[in-house]
Amino acid sequence: MEKHGIGTSSWLQIWGTIFTANIVCNLIFGFVGDSIGWRRTVLWFGCVGCAASSLLFYYSPVLFADNFWAVLLSGCLWGALLAGFVPLSALTPSLVGSDKGAAMAVLNLGAGLAVFVGPAIVGLFIGVVGSTGVIWILSGLYVIGAILTSFISTKENIKTISSYHEDFDNRAIQ
């Protein structure tokens with residue numbers, strides 16, 4: 001950010017505000033997940049939203065001519081969409097029968113590993129592809145997450161698919 005005219009103190013204000021937006025949106029996406037479905041919320045807001053907003057945030061100093069407020073808002077958008085992963089805490093245990101504790105343990109392991117893997121990706125690739133390449137790798141991982149999330153089958157999806165097949169079968173019989 002410094003090479004784009006955003007100094008350390010401005011960056012710290014942006015970074016802090018990003019996670020304030022994230023905290024507020026954690027509540028919102030809990031309700032959104034209950035409204036439109038946990039899987040859809042994670043897929044569209046968490047995965048796809050973070051893939052796009054990561055790129056927007058990275059390129060915002062160039063796109064908006066080093067405008068502090070535009071960079072701040074694009075960062076807050078990323079922080080807000082990061083909260084789209086909140087329904088994972090409800091989705092994960094719903095995918096298993098009786099091993100809900102183990103499912104939560106795996107979810108927490110994944111969250112903890114992200115704290116290790118993110119900096120590892122930067123360490124491994126920053127010298128090879130630079131910061132631009134690293135942000136594209138991270139954005140690509142969100143896209144891979146979206147693809148994988150689309151294969152999650154929940155009871156909600158199964159009911160929708162079953163009712164679709166029943167309607168199709170009833171129309172075929174008539």
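One is the number of the first residue; the rest follow in order along the sequence. It should be emphasised that the depicted structure is a prediction, and the values quoted were computed from it without experimental measurement.
Between K100 and P93, the closest heavy-atom pair is NZ-O, 2.9 Å. Nearest heavy-atom pair, A103 versus V96, reported as atom, atom and distance to 0.1 Å: CB-CG2, 3.8 Å. Closest of all the heavy-atom pairs between E2 and G7 is CG-CA, 4.2 Å. The minimum heavy-atom distance linking R39 with L91 is given by the pair CA-CD2, 4.2 Å.
Taking the side chain as every heavy atom from C-beta outward, I14 and F57 approach each other to under 4.5 Å. Proximity of L12 to S9: side-chain heavy atoms (C-beta onward) are nowhere separated by under 4.5 Å.
With rounding to the nearest 0.5 angstrom, the CH2 atom of W38 is 10.0 Å from the OG1 atom of T92. If you take CG on L63 and CG on L56, they are separated by 6.5 Å, rounding to the nearest 0.5 Å. Here M1 contributes atom CE and F68 contributes atom CZ; the two are 10.5 Å apart, rounded to the nearest 0.5 Å. Rounding to the nearest 0.5 Å gives a distance of 12.0 Å between OG1 of T149 and OH of Y142. Rounding to the nearest 0.5 angstrom, the gap separating the CD1 atom in I28 from the CD1 atom in I23 is 12.5 Å.
Other cluster members for I147: V143, F151, joined by side-chain heavy-atom distances under 4.5 Å among Ile, Leu, Val, Met, Phe, Trp and Tyr.
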Return a table of donor-acceptor pairs under 3.5 angstrom between the side chains of residues 73-90 and protein atoms on other chains or two or more places apart.
from, atom 1, to, atom 2, distance (Å)
S74, OG, S60, OG, 3.1
S74, OG, A70, O, 3.3
S74, OG, V71, O, 2.9
W78, NE1, S54, OG, 3.3

For residues 108-124, which side-chain donor-acceptor pairs fall under 3.5 Å, sequence neighbours excluded?
from, atom 1, to, atom 2, distance (Å)
N108, ND2, M104, O, 3.3

For this session: Apply side-chain hydrogen bond (donor to acceptor under 3.5 Å, both in side chains) to T132 and Y59, showing your working.
Result: CA-CA 9 Å; T132 303; Y59 288 107; 4.8 Å; no

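Side-chain heavy atoms closer than 4.5 Å link hydrophobic residues (I, L, V, M, F, W, Y) into clusters, and following such links, possibly through other members, connects I144 to V134. Hydrophobic clustering (ILVMFWY, side-chain heavy atoms < 4.5 Å, transitive): I126 and V128 are in one cluster. Note on F31 and V24: separate hydrophobic clusters, where clusters join Ile, Leu, Val, Met, Phe, Trp and Tyr whose side-chain heavy atoms are under 4.5 Å apart, directly or indirectly.
Other residues, nucleotides and ligands contribute over 12 non-hydrogen atoms within 6.0 Å of the CH2 atom of W11.
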